[in-house]
Amino acid sequence: MTVTDAFACAIAGLLLVQAALRAKSAWSGRRRERSLWGAFAALAVSWLCRTSTVNDLLDATGIYDLGFLVKHATAIVGICVLLRYVTAVYADAGHAVDLRRSARLSAAVHRIATRASFGTIAVMTAAFVFLLNPPDTSTLFFLERHEGDPGLPIYMGLFYLYMGAAAAVCAVQWGGAARVTPVRSIRIGMILMSCAMVMAVVYVLLRIAFVVTITVTTVSDGTSHAQETLTDSLLYLFSLLWGIGAIAPASRAGSERYRAARNLLSLHPLWKRLAAAAPDVVRHRPSHLFARLRFVGRSLDTFRDVFTSPDASLPVRVNRYTVDIRDAIFELQRRAPADLAEKARDHAQSVPDGLHDTEIRAEALWLRAALLCGIPAIHGNSAAPAPYPFGPGTDPRHEVPHLRAVAAAYSGIRNSEARTLLAMTGADHAGSPDARSH
(Lines give C-alpha, C1' and ligand atoms only; values in the text may rest on other atoms or scores of the structure.)
Protein backbone atom coordinates (compact mmCIF):
# COMPACT_ATOMS: atom_id res chain seq x y z
CA MET A 1 0.00 0.00 0.00
CA THR A 2 1.37 3.40 -1.00
CA VAL A 3 1.35 6.48 1.21
CA THR A 4 -1.40 7.95 -0.96
CA ASP A 5 -3.49 4.82 -0.47
CA ALA A 6 -2.91 4.97 3.27
CA PHE A 7 -4.12 8.57 3.46
CA ALA A 8 -7.13 7.82 1.26
CA CYS A 9 -8.08 4.78 3.36
CA ALA A 10 -7.70 6.75 6.59
CA ILE A 11 -9.99 9.53 5.39
CA ALA A 12 -12.47 7.06 3.90
CA GLY A 13 -12.44 5.14 7.18
CA LEU A 14 -13.14 8.34 9.12
CA LEU A 15 -16.09 9.09 6.86
CA LEU A 16 -17.41 5.52 7.01
CA VAL A 17 -17.29 5.53 10.81
CA GLN A 18 -19.31 8.74 10.78
CA ALA A 19 -21.80 7.20 8.35
CA ALA A 20 -22.12 4.08 10.51
CA LEU A 21 -22.66 6.09 13.70
CA ARG A 22 -25.36 8.15 12.02
CA ALA A 23 -27.09 5.27 10.23
CA LYS A 24 -29.78 4.84 12.90
CA SER A 25 -30.60 8.55 13.11
CA ALA A 26 -30.62 8.74 9.29
CA TRP A 27 -33.09 5.86 9.10
CA SER A 28 -35.53 7.35 11.60
CA GLY A 29 -34.56 11.02 11.40
CA ARG A 30 -35.45 14.04 9.34
CA ARG A 31 -33.97 15.44 6.12
CA ARG A 32 -31.10 16.95 8.08
CA GLU A 33 -29.89 13.62 9.49
CA ARG A 34 -30.36 11.75 6.21
CA SER A 35 -28.51 14.43 4.25
CA LEU A 36 -25.45 14.35 6.48
CA TRP A 37 -25.37 10.56 6.37
CA GLY A 38 -25.60 10.63 2.57
CA ALA A 39 -22.75 13.13 2.35
CA PHE A 40 -20.51 10.94 4.51
CA ALA A 41 -21.36 7.80 2.53
CA ALA A 42 -20.86 9.37 -0.92
CA LEU A 43 -17.59 11.09 0.01
CA ALA A 44 -16.30 7.87 1.57
CA VAL A 45 -16.90 6.05 -1.73
CA SER A 46 -15.15 8.89 -3.56
CA TRP A 47 -12.09 8.55 -1.33
CA LEU A 48 -12.02 4.77 -1.70
CA CYS A 49 -11.88 5.26 -5.47
CA ARG A 50 -8.56 7.07 -4.98
CA THR A 51 -6.90 3.84 -3.82
CA SER A 52 -5.00 1.69 -6.30
CA THR A 53 -6.95 -1.42 -5.23
CA VAL A 54 -10.34 0.03 -6.16
CA ASN A 55 -8.90 1.60 -9.32
CA ASP A 56 -7.53 -1.77 -10.41
CA LEU A 57 -10.90 -3.41 -9.78
CA LEU A 58 -12.68 -0.82 -11.90
CA ASP A 59 -10.04 -0.94 -14.64
CA ALA A 60 -10.69 -4.70 -14.81
CA THR A 61 -14.04 -3.83 -16.42
CA GLY A 62 -12.11 -2.80 -19.53
CA ILE A 63 -12.86 0.90 -19.11
CA TYR A 64 -9.60 2.57 -18.14
CA ASP A 65 -9.77 5.43 -15.65
CA LEU A 66 -13.32 4.44 -14.69
CA GLY A 67 -12.22 4.85 -11.09
CA PHE A 68 -11.58 8.55 -11.71
CA LEU A 69 -15.04 9.04 -13.20
CA VAL A 70 -16.70 7.24 -10.28
CA LYS A 71 -14.58 9.24 -7.83
CA HIS A 72 -15.56 12.56 -9.38
CA ALA A 73 -19.23 11.63 -9.78
CA THR A 74 -19.61 10.43 -6.17
CA ALA A 75 -17.80 13.55 -4.98
CA ILE A 76 -20.36 15.72 -6.79
CA VAL A 77 -23.19 13.68 -5.27
CA GLY A 78 -21.62 14.06 -1.81
CA ILE A 79 -21.22 17.82 -2.28
CA CYS A 80 -24.81 18.17 -3.48
CA VAL A 81 -26.14 16.25 -0.47
CA LEU A 82 -23.87 18.30 1.80
CA LEU A 83 -25.48 21.48 0.45
CA ARG A 84 -28.84 19.91 1.22
CA TYR A 85 -27.65 19.41 4.79
CA VAL A 86 -26.57 23.06 5.02
CA THR A 87 -30.05 24.08 3.84
CA ALA A 88 -31.66 21.86 6.46
CA VAL A 89 -29.45 23.28 9.22
CA TYR A 90 -30.47 26.84 8.45
CA ALA A 91 -34.10 25.87 7.97
CA ASP A 92 -34.07 24.50 11.54
CA ALA A 93 -32.25 27.53 12.95
CA GLY A 94 -33.70 30.41 14.92
CA HIS A 95 -35.77 33.34 13.77
CA ALA A 96 -33.08 35.99 13.47
CA VAL A 97 -33.07 38.03 10.27
CA ASP A 98 -29.54 37.05 9.31
CA LEU A 99 -30.36 33.37 9.79
CA ARG A 100 -33.45 33.66 7.59
CA ARG A 101 -31.30 35.34 4.93
CA SER A 102 -28.74 32.53 5.21
CA ALA A 103 -31.52 29.96 4.99
CA ARG A 104 -32.87 31.55 1.80
CA LEU A 105 -29.39 31.69 0.28
CA SER A 106 -28.70 28.05 1.19
CA ALA A 107 -32.03 26.92 -0.22
CA ALA A 108 -31.44 28.79 -3.49
CA VAL A 109 -27.93 27.38 -3.86
CA HIS A 110 -29.18 23.89 -3.12
CA ARG A 111 -31.92 24.11 -5.74
CA ILE A 112 -29.38 25.23 -8.33
CA ALA A 113 -26.80 22.68 -7.23
CA THR A 114 -29.27 19.79 -7.36
CA ARG A 115 -30.19 20.53 -10.95
CA ALA A 116 -26.61 21.33 -11.90
CA SER A 117 -25.24 18.12 -10.39
CA PHE A 118 -27.15 15.89 -12.82
CA GLY A 119 -26.13 18.01 -15.79
CA THR A 120 -22.52 18.21 -14.60
CA ILE A 121 -22.22 14.43 -14.19
CA ALA A 122 -23.89 13.85 -17.58
CA VAL A 123 -21.57 16.26 -19.44
CA MET A 124 -18.49 14.93 -17.61
CA THR A 125 -19.47 11.37 -18.56
CA ALA A 126 -19.90 12.37 -22.19
CA ALA A 127 -16.52 14.14 -22.19
CA PHE A 128 -14.94 11.09 -20.53
CA VAL A 129 -16.33 8.73 -23.15
CA PHE A 130 -16.01 10.80 -26.32
CA LEU A 131 -13.36 13.48 -25.77
CA LEU A 132 -10.66 11.86 -23.64
CA ASN A 133 -8.05 9.80 -25.42
CA PRO A 134 -6.78 6.47 -24.03
CA PRO A 135 -4.77 7.31 -20.91
CA ASP A 136 -1.01 7.31 -20.51
CA THR A 137 -0.77 4.55 -17.90
CA SER A 138 2.86 5.29 -17.09
CA THR A 139 1.73 7.90 -14.57
CA LEU A 140 -0.74 7.73 -11.69
CA PHE A 141 -2.11 11.26 -12.00
CA PHE A 142 -5.27 11.86 -14.03
CA LEU A 143 -4.18 15.25 -15.34
CA GLU A 144 -0.88 13.86 -16.63
CA ARG A 145 -2.59 10.80 -18.13
CA HIS A 146 -4.75 13.07 -20.30
CA GLU A 147 -2.48 16.06 -20.78
CA GLY A 148 -3.28 17.72 -24.11
CA ASP A 149 -6.66 16.02 -24.55
CA PRO A 150 -9.31 18.50 -25.80
CA GLY A 151 -11.88 17.14 -23.38
CA LEU A 152 -9.71 17.59 -20.27
CA PRO A 153 -10.58 21.30 -19.67
CA ILE A 154 -14.28 20.51 -20.11
CA TYR A 155 -14.20 17.46 -17.87
CA MET A 156 -12.10 18.89 -15.03
CA GLY A 157 -13.38 22.44 -15.47
CA LEU A 158 -16.94 21.36 -14.76
CA PHE A 159 -15.85 19.33 -11.74
CA TYR A 160 -13.74 22.11 -10.23
CA LEU A 161 -16.36 24.76 -10.93
CA TYR A 162 -19.01 22.74 -9.11
CA MET A 163 -16.69 21.87 -6.22
CA GLY A 164 -15.37 25.42 -5.82
CA ALA A 165 -18.81 27.04 -5.83
CA ALA A 166 -20.15 24.57 -3.28
CA ALA A 167 -17.09 24.95 -1.06
CA ALA A 168 -17.39 28.74 -1.12
CA VAL A 169 -21.04 28.60 -0.09
CA CYS A 170 -20.31 26.14 2.73
CA ALA A 171 -17.38 28.25 3.96
CA VAL A 172 -19.54 31.38 4.17
CA GLN A 173 -22.52 29.63 5.72
CA TRP A 174 -20.58 27.64 8.34
CA GLY A 175 -18.44 30.65 9.18
CA GLY A 176 -21.58 32.70 9.80
CA ALA A 177 -23.16 29.91 11.85
CA ALA A 178 -20.06 29.65 14.04
CA ARG A 179 -20.52 33.26 15.17
CA VAL A 180 -24.04 32.68 16.49
CA THR A 181 -23.85 29.09 17.73
CA PRO A 182 -23.94 29.06 21.56
CA VAL A 183 -22.70 25.47 21.99
CA ARG A 184 -18.90 25.42 22.17
CA SER A 185 -18.32 21.99 20.57
CA ILE A 186 -20.61 22.79 17.64
CA ARG A 187 -18.98 26.21 17.22
CA ILE A 188 -15.53 24.60 17.03
CA GLY A 189 -16.83 22.09 14.50
CA MET A 190 -18.30 24.84 12.35
CA ILE A 191 -15.04 26.81 12.42
CA LEU A 192 -13.02 23.73 11.39
CA MET A 193 -15.42 22.91 8.57
CA SER A 194 -15.42 26.52 7.38
CA CYS A 195 -11.60 26.57 7.32
CA ALA A 196 -11.66 23.28 5.43
CA MET A 197 -13.91 24.78 2.77
CA VAL A 198 -11.63 27.80 2.39
CA MET A 199 -8.77 25.37 1.72
CA ALA A 200 -11.01 23.56 -0.76
CA VAL A 201 -11.52 26.82 -2.67
CA VAL A 202 -7.74 27.38 -2.76
CA TYR A 203 -7.31 23.78 -3.96
CA VAL A 204 -9.80 24.33 -6.77
CA LEU A 205 -8.16 27.58 -7.90
CA LEU A 206 -4.72 25.92 -8.04
CA ARG A 207 -6.04 22.94 -9.97
CA ILE A 208 -7.93 25.13 -12.45
CA ALA A 209 -4.79 27.18 -13.04
CA PHE A 210 -2.82 24.00 -13.71
CA VAL A 211 -5.44 22.57 -16.09
CA VAL A 212 -5.40 25.81 -18.10
CA THR A 213 -1.59 25.77 -18.13
CA ILE A 214 -1.23 22.21 -19.43
CA THR A 215 -3.93 22.87 -22.03
CA VAL A 216 -2.05 25.75 -23.66
CA THR A 217 1.53 24.65 -23.06
CA THR A 218 3.74 21.78 -21.93
CA VAL A 219 5.13 21.69 -18.40
CA SER A 220 8.05 19.71 -17.02
CA ASP A 221 7.61 16.53 -14.99
CA GLY A 222 9.06 18.30 -11.96
CA THR A 223 6.48 21.07 -12.17
CA SER A 224 3.67 18.55 -12.61
CA HIS A 225 4.78 16.50 -9.61
CA ALA A 226 5.22 19.62 -7.49
CA GLN A 227 1.67 20.81 -8.13
CA GLU A 228 0.32 17.30 -7.46
CA THR A 229 2.14 17.21 -4.13
CA LEU A 230 0.92 20.68 -3.17
CA THR A 231 -2.69 20.21 -4.22
CA ASP A 232 -2.93 16.67 -2.83
CA SER A 233 -1.62 17.94 0.51
CA LEU A 234 -4.34 20.60 0.50
CA LEU A 235 -6.90 17.94 -0.42
CA TYR A 236 -5.88 15.67 2.46
CA LEU A 237 -5.72 18.57 4.90
CA PHE A 238 -9.12 20.07 4.13
CA SER A 239 -10.74 16.62 4.06
CA LEU A 240 -9.32 15.79 7.49
CA LEU A 241 -10.34 19.19 8.85
CA TRP A 242 -13.86 18.75 7.56
CA GLY A 243 -14.09 15.22 8.95
CA ILE A 244 -12.82 16.30 12.37
CA GLY A 245 -15.13 19.31 12.35
CA ALA A 246 -18.09 17.08 11.56
CA ILE A 247 -17.13 14.81 14.45
CA ALA A 248 -17.36 17.64 17.00
CA PRO A 249 -21.19 17.78 17.13
CA ALA A 250 -21.30 13.97 17.03
CA SER A 251 -18.87 13.77 19.95
CA ARG A 252 -21.15 16.05 21.94
CA ALA A 253 -24.12 13.83 21.13
CA GLY A 254 -22.06 10.76 22.02
CA SER A 255 -21.10 12.33 25.33
CA GLU A 256 -24.76 13.07 26.07
CA ARG A 257 -25.73 9.48 25.26
CA TYR A 258 -22.95 8.18 27.50
CA ARG A 259 -24.09 10.33 30.42
CA ALA A 260 -27.69 9.27 29.81
CA ALA A 261 -26.75 5.58 29.79
CA ARG A 262 -24.79 6.01 33.01
CA ASN A 263 -27.75 7.77 34.63
CA LEU A 264 -30.14 5.07 33.48
CA LEU A 265 -27.96 2.27 34.84
CA SER A 266 -27.76 4.07 38.19
CA LEU A 267 -31.49 4.74 38.37
CA HIS A 268 -32.66 1.39 37.02
CA PRO A 269 -32.70 -0.62 40.30
CA LEU A 270 -34.76 2.05 42.10
CA TRP A 271 -37.00 2.63 39.07
CA LYS A 272 -37.63 -1.09 38.66
CA ARG A 273 -38.58 -1.54 42.31
CA LEU A 274 -40.91 1.45 42.34
CA ALA A 275 -42.42 0.50 38.97
CA ALA A 276 -43.14 -3.00 40.30
CA ALA A 277 -44.85 -1.50 43.35
CA ALA A 278 -46.97 0.91 41.28
CA PRO A 279 -47.20 -0.64 37.79
CA ASP A 280 -50.22 1.41 36.75
CA VAL A 281 -48.45 4.76 36.94
CA VAL A 282 -45.39 3.97 34.78
CA ARG A 283 -45.40 4.31 31.02
CA HIS A 284 -43.50 1.08 30.30
CA ARG A 285 -43.24 -1.68 32.88
CA PRO A 286 -39.90 -3.32 33.72
CA SER A 287 -38.85 -6.27 31.58
CA HIS A 288 -39.18 -9.82 32.93
CA LEU A 289 -38.50 -11.55 29.63
CA PHE A 290 -35.31 -13.21 30.86
CA ALA A 291 -36.29 -13.62 34.50
CA ARG A 292 -36.09 -17.42 34.35
CA LEU A 293 -32.50 -17.45 33.13
CA ARG A 294 -30.16 -18.00 36.04
CA PHE A 295 -27.11 -15.77 36.48
CA VAL A 296 -27.70 -13.64 33.33
CA GLY A 297 -31.46 -13.08 33.39
CA ARG A 298 -31.37 -9.96 35.56
CA SER A 299 -28.56 -8.39 33.50
CA LEU A 300 -30.38 -9.08 30.23
CA ASP A 301 -33.61 -7.57 31.54
CA THR A 302 -31.68 -4.51 32.72
CA PHE A 303 -30.07 -4.16 29.29
CA ARG A 304 -33.49 -4.44 27.65
CA ASP A 305 -35.00 -1.79 29.94
CA VAL A 306 -32.11 0.63 29.52
CA PHE A 307 -31.11 0.28 25.87
CA THR A 308 -34.07 -1.15 23.91
CA SER A 309 -37.13 0.62 25.30
CA PRO A 310 -39.33 2.38 22.71
CA ASP A 311 -38.23 5.90 23.69
CA ALA A 312 -36.84 8.25 21.07
CA SER A 313 -33.41 8.43 22.73
CA LEU A 314 -31.53 7.70 25.92
CA PRO A 315 -31.92 11.26 27.27
CA VAL A 316 -35.68 10.97 26.72
CA ARG A 317 -35.60 7.68 28.61
CA VAL A 318 -33.86 9.39 31.53
CA ASN A 319 -36.69 11.93 31.67
CA ARG A 320 -39.22 9.11 31.64
CA TYR A 321 -37.46 7.34 34.51
CA THR A 322 -37.53 10.48 36.65
CA VAL A 323 -41.23 11.05 35.91
CA ASP A 324 -42.04 7.40 36.63
CA ILE A 325 -40.14 7.54 39.93
CA ARG A 326 -41.93 10.67 41.06
CA ASP A 327 -45.33 9.27 40.05
CA ALA A 328 -44.62 6.03 41.91
CA ILE A 329 -43.55 8.00 44.99
CA PHE A 330 -46.85 9.85 44.93
CA GLU A 331 -48.60 6.48 44.89
CA LEU A 332 -46.50 5.35 47.87
CA GLN A 333 -47.57 8.43 49.80
CA ARG A 334 -51.06 6.95 49.92
CA ARG A 335 -49.68 3.87 51.70
CA ALA A 336 -47.05 5.34 54.00
CA PRO A 337 -47.69 6.44 57.61
CA ALA A 338 -48.05 10.17 58.07
CA ASP A 339 -45.02 10.41 60.38
CA LEU A 340 -42.72 8.21 58.27
CA ALA A 341 -40.66 11.15 56.97
CA GLU A 342 -40.08 12.48 60.48
CA LYS A 343 -39.05 9.05 61.77
CA ALA A 344 -36.80 8.49 58.71
CA ARG A 345 -34.95 11.75 59.35
CA ASP A 346 -34.50 10.94 63.04
CA HIS A 347 -33.21 7.47 62.19
CA ALA A 348 -30.84 8.79 59.49
CA GLN A 349 -29.36 11.26 61.99
CA SER A 350 -28.99 8.70 64.76
CA VAL A 351 -27.65 5.88 62.53
CA PRO A 352 -25.59 7.50 59.76
CA ASP A 353 -23.89 5.25 57.24
CA GLY A 354 -20.91 7.55 56.62
CA LEU A 355 -21.38 7.41 52.84
CA HIS A 356 -24.44 9.51 52.12
CA ASP A 357 -25.89 12.81 53.20
CA THR A 358 -28.39 12.55 56.06
CA GLU A 359 -31.24 13.93 53.97
CA ILE A 360 -30.45 11.55 51.08
CA ARG A 361 -30.35 8.61 53.48
CA ALA A 362 -33.62 9.70 55.10
CA GLU A 363 -35.32 9.79 51.69
CA ALA A 364 -33.97 6.35 50.83
CA LEU A 365 -35.20 5.02 54.20
CA TRP A 366 -38.63 6.49 53.50
CA LEU A 367 -38.77 4.74 50.13
CA ARG A 368 -37.60 1.39 51.48
CA ALA A 369 -40.11 1.54 54.35
CA ALA A 370 -43.00 2.78 52.19
CA LEU A 371 -42.46 -0.13 49.81
CA LEU A 372 -43.05 -2.49 52.75
CA CYS A 373 -46.42 -0.96 53.54
CA GLY A 374 -49.50 -2.82 52.40
CA ILE A 375 -51.73 -1.46 49.66
CA PRO A 376 -54.69 0.47 51.14
CA ALA A 377 -57.88 -1.54 51.18
CA ILE A 378 -59.99 1.42 50.02
CA HIS A 379 -58.71 3.38 47.04
CA GLY A 380 -59.60 6.99 46.69
CA ASN A 381 -60.19 7.49 50.44
CA SER A 382 -60.24 10.95 51.89
CA ALA A 383 -57.05 10.54 53.92
CA ALA A 384 -54.34 12.97 52.87
CA PRO A 385 -51.17 11.48 51.38
CA ALA A 386 -48.24 11.11 53.74
CA PRO A 387 -45.82 14.06 53.66
CA TYR A 388 -42.77 13.67 51.41
CA PRO A 389 -40.52 16.62 52.28
CA PHE A 390 -37.60 15.46 50.14
CA GLY A 391 -36.32 16.23 46.68
CA PRO A 392 -33.91 18.48 44.80
CA GLY A 393 -36.13 21.55 44.89
CA THR A 394 -37.52 23.23 41.81
CA ASP A 395 -34.37 23.02 39.64
CA PRO A 396 -34.75 20.15 37.12
CA ARG A 397 -30.98 20.11 36.53
CA HIS A 398 -30.55 18.62 40.00
CA GLU A 399 -33.28 16.01 39.63
CA VAL A 400 -31.22 13.22 38.09
CA PRO A 401 -28.11 13.67 40.33
CA HIS A 402 -30.39 13.74 43.35
CA LEU A 403 -32.23 10.57 42.35
CA ARG A 404 -28.93 8.83 41.59
CA ALA A 405 -27.73 9.63 45.09
CA VAL A 406 -31.01 8.34 46.55
CA ALA A 407 -30.76 5.17 44.46
CA ALA A 408 -27.21 4.56 45.74
CA ALA A 409 -28.32 5.06 49.36
CA TYR A 410 -31.40 2.88 48.81
CA SER A 411 -29.28 -0.05 47.65
CA GLY A 412 -27.41 -0.02 50.97
CA ILE A 413 -30.51 -0.20 53.20
CA ARG A 414 -31.82 -3.59 54.31
CA ASN A 415 -35.48 -4.41 54.66
CA SER A 416 -34.90 -5.25 58.33
CA GLU A 417 -33.85 -1.65 58.94
CA ALA A 418 -36.95 -0.42 57.12
CA ARG A 419 -39.16 -2.73 59.21
CA THR A 420 -37.63 -1.30 62.37
CA LEU A 421 -38.47 2.18 61.11
CA LEU A 422 -42.04 1.14 60.36
CA ALA A 423 -42.38 -0.38 63.81
CA MET A 424 -41.52 3.02 65.26
CA THR A 425 -44.50 4.47 63.39
CA GLY A 426 -46.81 1.66 64.41
CA ALA A 427 -47.65 0.92 60.76
CA ASP A 428 -48.91 -2.44 59.56
CA HIS A 429 -46.81 -3.93 56.78
CA ALA A 430 -47.96 -7.50 56.95
CA GLY A 431 -49.78 -7.27 53.63
CA SER A 432 -46.78 -6.06 51.68
CA PRO A 433 -45.22 -8.41 49.13
CA ASP A 434 -41.82 -7.44 50.50
CA ALA A 435 -42.88 -8.35 54.00
CA ARG A 436 -43.83 -11.83 52.91
CA SER A 437 -40.79 -12.43 50.72
CA HIS A 438 -38.05 -11.18 53.04
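- Checked by atom type and distance alone, the side chain of Ser411 pairs as donor or acceptor with a backbone atom of Ala408 at under 3.5 Å.
- Under a 3.5 Å cut-off, the side chain of Asp59 and the backbone N or O of Asp65 do form a donor-acceptor pair.
- Residue Ala200 comes nearest to Ala167 through the heavy atom pair CB-CB, 3.8 Å, listed as atom of the first residue, atom of the second, then distance.
- With hydrogens and angles disregarded, no donor-acceptor distance shorter than 3.5 Å links the side chain of Gln18 to the backbone of Phe40.
- One side chain, Arg259 or Ser255, offers a donor N or O that lies under 3.5 Å from an acceptor on the other.
- At a threshold of 4.5 Å between non-hydrogen side-chain atoms, the residues Val81 and Arg34 do not count as touching.
- In summary, Glu331 and Arg334 engage in a salt bridge, as defined by a charged side-chain N under 4.0 Å from a carboxylate O.
- Of all heavy-atom pairs spanning Ala19 and Ala41, the tightest one is CB-N, 4.3 Å.
- Remark: Arg361 CZ to Leu355 CG distance equals 9.5 Å, nearest 0.5 Å.
- Between Phe142 and His72, the gap from one ring centroid to the other is short of 6.0 Å.
- Look at Lys272 and Asp305 and you find no salt bridge, because none of the NZ, NE, NH1 or NH2 atoms lies under 4.0 Å from a carboxylate O.
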Take Ser52 and Asp5, measure what side chain to side chain donor-acceptor pair (under 3.5 Å) needs, and give me the verdict at the end. CA-CA 7 Å; Ser52 56; Asp5 286 351; 2.6 Å; yes
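- When all heavy atoms are compared, the tightest approach of Ala260 to Pro315 is CB-N, 3.7 Å.
- When all heavy atoms are compared, the tightest approach of Gly164 to Val201 is O-CG2, 4.0 Å.
- Using a 4.5 Å cut-off on side-chain heavy atoms (C-beta onward), Tyr162 and Leu158 make no contact.
- Scanning all heavy atoms of the two residues, the minimum distance from Val318 to Leu264 falls at CG2-CG, 3.6 Å.
- Distance check: Leu143 CG to Met156 CE gives 5.5 Å after rounding to the nearest 0.5 Å.
- Between Arg257 and Ser313 there is no side-chain heavy-atom pair separated by less than 4.5 Å.
- Expressed to the nearest 0.5 Å, how far CG of Leu421 lies from NE2 of His347 amounts to 6.5 Å.
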Run the side-chain contact (heavy atoms from CB on, under 4.5 Å) check on Ser117 and Val77 step by step: do they pass? CA-CA 7 Å; Ser117 61; Val77 172; over 6 Å; no
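- How far CZ of Arg326 is from CD1 of Ile329: 4.5 Å, rounded to the nearest 0.5 Å.
- No side-chain heavy atom of Arg335 sits less than 4.5 Å from a side-chain heavy atom of Leu371.
- Val211 has its side chain within reach of Tyr160: a pair of non-hydrogen atoms, C-beta onward, lies under 4.5 Å apart.
- Between the OG1 atom in Thr358 and the CG atom in Asp346 there is a gap of 11.5 Å [rounded to 0.5 Å].
- Judged by a 6.0 Å distance limit and a 45° cone about the ring axis, Arg50 is positioned over the six-membered ring of Trp47.
- Side-chain atoms of His356 and Tyr410, non-hydrogen and from C-beta on, never get closer than 4.5 Å to each other.
- Take Arg207 and apply the salt bridge (Lys or Arg N to Asp or Glu O under 4.0 Å) test, not counting sequence neighbours, and it matches Glu228.
- Contact annotation: the side chain of Pro337 approaches that of Leu422 to within less than 4.5 Å [non-hydrogen atoms, C-beta and beyond].
- Atom CG in Asn263 sits 10.0 Å away from atom OG1 in Thr322 (nearest 0.5 Å).
- Geometrically, Arg298 does not engage Phe290 in a cation-pi contact, judged by NZ or CZ lying under 6.0 Å from the ring centre and within 45° of the ring axis.
- Of the possible donor and acceptor atoms, one in the side chain of Ser194 sits under 3.5 Å from a partner among the backbone N and O of Ala171.
- For Asp301 (side chain) and Leu289 (main-chain N/O), a donor-acceptor pair under 3.5 Å exists by modelled atom type.
- Here the closest heavy-atom approach between residue Ala75 and residue Phe159 is recorded as CB-CE1, 4.0 Å.
- Put simply, the side chain of Thr125 gets close to the backbone of Ile121: a donor and an acceptor are under 3.5 Å apart.
- Applying the side-chain contact (heavy atoms from CB on, under 4.5 Å) test between Tyr388 and each of Leu340, Leu332, Leu367 identifies Leu367 as the sole match.
- The closest side-chain heavy-atom distance from Val296 to Leu293 is below 4.5 Å.
- For Ser46 (side chain) and Ala42 (main-chain N/O), no donor-acceptor pair under 3.5 Å exists by modelled atom type.
- Using a 4.0 Å cut-off between a side-chain N of Lys or Arg and a carboxylate O of Asp or Glu, Lys343 and Glu417 do not qualify as a salt bridge.
- Under 4.0 Å is where a charged nitrogen must lie from a carboxylate oxygen, and between Arg317 and Asp324 no such pair does.
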